[in-house]
Amino acid sequence: MIFDLDMIKGVYSRYKSRVEKARNIVGKPLTYAEKVLYAHLFAGDATENFKRGESYVDFAPDRVAMQDATAQMALLQFMQAGKKKVAVPSTVHADHLIQARVGADKDLQEALNKNNEVYNFLASVTNKFGIGFWKPGAGIIHQVILENYAFPGGMMIGTDSHTVNAGGLGMVAIGVGGADAVDVMAGMAWELKFPKLIGVKLSGKLSGWTSPKDIILELAGLLTVKGGTGCIIEYFGEGAESLSCTGKGTICNMGAEVGATTSIFAYDESINRYLRGTNRTEIAELADEIKNELRADKEIYEDPAKYFDQIIELDLNKLEPHLNGPFSPDIATPISKIKEVAEKNGWPLKVEVGLIGSCTNSSYEDISRAASIAKQAADKGILPKAEYTITPGSELVRYTVERDGYLDVFNKIGGKVFANACGPCIGQWAREGSEKQEKNTIVHSFNRNFAKRADGNPNTYAFVSSPELVTALAIAGDLTFDPRKDKLKNEKGEEVMLDEPQGFELPPKGFDVEDPGYVAPAKDGSNINVVVSPTSERLQLLESFPAWDGKNITGARLLIKAYGKCTTDHISMAGPWLRFRGHLDNISNNTLIGALNAFNMETNKVKNEINGEYMPVPDSARKYKAAGIPTIIVGDNNYGEGSSREHAAMQPRHLGVRAVLVKSFARIHETNLKKQGMLAITFSNPDDYDKILEEDTFNFLDLDQFAPSKTLTIELIHANGNKENIFVNHTYNQAQIDWFKAGSALNLIKQKETFQKN
């Protein structure tokens, strides 16, 4: 089944002419990313040469994708917009709420029992508003998107930071908050600052134990977690052409870990093969007709440094297998140096668990290569030293790899197959013994390895690698094991080596599945009722945030001064808290409980100036809110790194926080704060972070003159009565200032909808 074929034909029918007009306006050859962006301008044909990193641009994405945890809040907001049906093709994927514990069947049934209310809500609201629904067990959103919806030259936004996975199929796919999704589903423009461009030239070809995962692991080490902020990473070169489509998806997926807006590969034979292999031959044929425009102009490849803002070159012939971590995906170590680095840093060397799968690495190719290692262990009589788990990315993949015998292979080495869902990758892992918080090491093929993320244990050292290397390390039980040269002892005491992994880009016998898990919406949903119980603990209808009164914010108190890395996991944890993603008040009880307080270096313990006592962050916020006292959050660099979850913006807003002042923001989180009517501001002088004291009072002196590019002034009143002014910057344009004035972007949508009806 080909979804949205008429829409894709429409995009392709105007794509070439729009690119040609953009090329004339810009006056130079275009990169592939630029072509896709200019082909999706909300106004139609290009009339302006946008400045990278400066111009705010209105786009018209082709589709919207949402996963169940973020879809709840997105759709609760959409219900307020007053629309009868979504304006663009949209889907919801039930993948985040399934906890990995025993095994696929039992875990899925447990999820259905526990989350029945939420699943019923999602099923009814998607049915009503014309949104496709992928039911629990169908698979992880990004794998399902790659298999069914992504198409070269298209543009998609999704309420998950790893939406960027679809760049592996030549799509500009960008992670956003739910409010952005509401804009597009309501038929409005979606705004983005025109990205800068990083070109990554890949030469050579992968071989042996190296894999596409190692490309992005190496790049993460070069760029760091914020090196791609505000940029699209565009891959090209002979090395790029040699990669499989799903391998490209893996690389684009983890572009989120360097802060990139998205990543993209040009249309080529491997993408064509994948489209045909997933029964989308007609799309492949349509893409072939405009294939020259589904890649950068030839001048770009001849002199890339002239057209990209930054160029990075990687020789795949020299690339080593990598292990990245612990606690951050950009700590990159080649496997040849892991022994030296691990011993120097005191990392636990014994591997307790190896986990493969997730949205990053759960393709047929990934599983077949990992299975080739597992089969060797079974055939050579090697007993695995660590636990081993497999999380298939979709029912299409799971059914096919079971048919082809790979699950039987994993079973021979004691592998446990979890449900087709996110599971351990997002903290949905009921790991036995994790509550003891013992120091230990795990290796996985996921994308993130922040502290506590997988199992809630702050002392779990998590390392990111390819599925095949994870499998080898689980078999060896040793973090320092290098399968290229190290030997293992089998049951007979013989020394044996693991051969290089082998696999298949696509199933030799083709994909197969009995029930992919898709539920089409009603053609007319006007008579469908969406019911949310007022006594529900899981779902809560939203109330509008109050509009700004036009006055300076004065008498504000510090809620928390966060020290160091403060991701969206720190601001709004996942794991067991996922069950409250549709209930703003209940989930607000986890607000910033993972952030480190700069004044006592403890989590979830801040001073409340009303009573002078130390208390949990949400409790202190609620106390200030009840007293009518506005609050402010202060943070470090790259604040809001990680997931796209807008809860990290909505929760502080709900608890009375008016402003977030940091050294720098992660892109998605800054936008989410703006959308929810918050002040997202940065220190003009980053050293002023050190001037913020625990008992300070904050007065905005010129917020009543809020305007684009205008620096704002905050008066700090210290406990001893001393006063000093600091200056703060912002990136609001006039439309975003209007969101702030209205109280949120959604408030503005409702105002316009009411005006149009009247």
Side-chain angles (χ1 to χ4, degrees), residues 65 67 93 95-96 100 139-147 150 158 160-169 173 175 206 210-220 225 228 233 235 243-260 262-265 274 321-325 328-330 332 354-370 389-394 397-398 418 420-429 442-450 453-454 462-471 503 569 574 642-644:
Q67 39 94 337
H93 304 257
D95 62 355
H96 271 57
I140 307 172
I141 177 173
H142 313 302
Q143 182 72 22
V144 174
I145 290 291
L146 202 71
E147 293 167 357
D160 189 287
S161 56
H162 293 104
T163 299
V164 294
N165 187 80
L169 212 148
L206 296 171
T210 53
S211 74
K213 186 65 162 273
D214 297 305
I215 296 172
I216 187 59
L217 294 180
E218 166 81 359
L219 192 65
V225 291
I233 301 175
Y235 294 86
L243 301 174
S244 67
C245 177
T246 52
K248 292 169 182 171
T250 293
I251 294 166
C252 292
N253 181 292
M254 276 195 68
E257 272 47 76
V258 298
T262 193
S263 304
I264 196 168
F265 283 82
Y274 188 75
H322 275 61
L323 275 172
N324 282 31
S328 189
D330 62 341
L355 307 97
I356 70 165
S358 86
C359 66
T360 322
N361 280 107
S362 56
S363 67
Y364 187 91
E365 181 179 38
D366 289 325
I367 291 179
S368 64
R369 282 175 63 86
T389 72
I390 306 96
T391 304
S394 69
V397 167
R398 189 213 63 78
F418 288 141
N420 312 323
C422 298
C425 184
I426 59 161
Q428 284 284 51
W429 182 24
I442 65 173
V443 291
H444 60 59
S445 67
F446 308 158
N447 40 47
R448 292 191 177 136
N449 56 346
F450 304 143
R453 182 173 176 90
F463 295 86
V464 182
S465 193
S466 66
E468 46 267 54
L469 187 55
V470 167
T471 306
D569 276 28
S643 168
S644 68

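Values below: all heavy atoms of this structure, side chains included; hydrogens, waters and symmetry mates excluded. Remember, it's a predicted structure, so these values are computed and weren't measured experimentally.
- The distance from the CG atom of N324 to the CD atom of E257 is 10.5 Å, given to the nearest 0.5 Å.
- Inter-residue side-chain proximity for T391 and P424 is flagged as met; some heavy-atom pair is nearer than 4.5 Å.
- Formation of a donor-acceptor pair under 3.5 Å by the S445 side chain with backbone atoms of G357 is found in this model.
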*Test side-chain hydrogen bond (donor to acceptor under 3.5 Å, both in side chains) on N420 and S394 and set out the steps.*
CA-CA 5 Å; N420 312 323; S394 69; over 6 Å; no

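- Shown here for E468 and S211, the closest heavy-atom pair between the two residues is OE2-CB, 3.4 Å.
- N253 is listed as a side-chain neighbour of C359, based on a closest heavy-atom distance under 4.5 Å.
- The minimum heavy-atom distance between T246 and Y274, with the atom names listed, is CG2-CE1, 3.6 Å.
- Side-chain atoms of H93 and Q67 include no donor-acceptor pair closer than 3.5 Å.
- At a threshold of 4.5 Å between non-hydrogen side-chain atoms, the residues F446 and N361 do not count as touching.
- At least one donor-acceptor pair closer than 3.5 Å links the side chain of N449 to the backbone N or O of A462.
- For the atom pair OG1 (T250) and CG (N165), the distance works out to 7.0 Å, reported to the nearest 0.5 Å.
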*Using the side-chain contact (heavy atoms from CB on, under 4.5 Å) rule, take I367 and R398 through it: C-alpha gap first, then chi angles, then the decisive distance, then the call.*
CA-CA 10 Å; I367 291 179; R398 189 213 63 78; over 6 Å; no

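- Without hydrogens or angle criteria, S466 side chain to L469 main chain gives a donor-acceptor distance under 3.5 Å.
- Going from atom SG of C245 over to atom CG of L146 covers 5.0 Å, rounded to the nearest 0.5 Å.
- Put simply, the side chain of D95 gets close to the backbone of I141: a donor and an acceptor are under 3.5 Å apart.
- Across every non-hydrogen atom of A574 and I426, the tightest pair is CB-O, 3.5 Å.
- Between the side chain of R448 and the main chain of G642, a donor-acceptor pair closer than 3.5 Å is present.
- From H444, atom NE2 reaches atom CH2 of W429 across 8.5 Å, with rounding to the nearest 0.5 Å.
- Residues L355 and I442 have side chains in contact (heavy-atom distance under 4.5 Å, counting atoms from C-beta outward).
- In this structure, CZ on F265 lies 10.0 Å from CD1 on I233, to the nearest 0.5 angstrom.
- Under the ring pair (Phe, Tyr, Trp, His ring centres under 6.0 Å) criterion, H322 pairs with no residue at all, not counting sequence neighbours.
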*Is there a side-chain contact (heavy atoms from CB on, under 4.5 Å) between V470 and S465 once you walk through the steps?*
CA-CA 6 Å; V470 167; S465 193; 4.0 Å; yes

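- Side chain to side chain, N447 and H162 meet the donor-acceptor criterion of an N or O pair below 3.5 Å.
- In plain terms, the two heavy atoms of S263 and Y235 that are nearest each other are CB-CE1, 4.0 Å.
- Using a 4.5 Å heavy-atom threshold, the side chains of H96 and I140 count as separate.
- Two residues are said to be in side-chain contact when any heavy atoms from C-beta on lie closer than 4.5 Å; C422 and Q428 fail this criterion.
- A distance-only check finds no donor-acceptor pair linking the side chain of K248 to the backbone of P212 [under 3.5 Å].
- Annotation: side chain of L217 is in contact with side chain of K213 (closest heavy-atom distance under 4.5 Å).
- Heavy-atom minimum distance, T262 versus A173: OG1-O, 2.6 Å.
- The distance from the SG atom of C252 to the CD1 atom of I216 is 8.0 Å, given to the nearest 0.5 Å.
- The two residues R453 and C425 make their nearest non-hydrogen contact at NE-O, 3.0 Å.
- When atom types are taken as modelled, the side chain of T210 and the backbone of L206 share no donor-acceptor pair closer than 3.5 angstrom.
- At a threshold of 4.5 Å between non-hydrogen side-chain atoms, the residues L219 and M254 do not count as touching.
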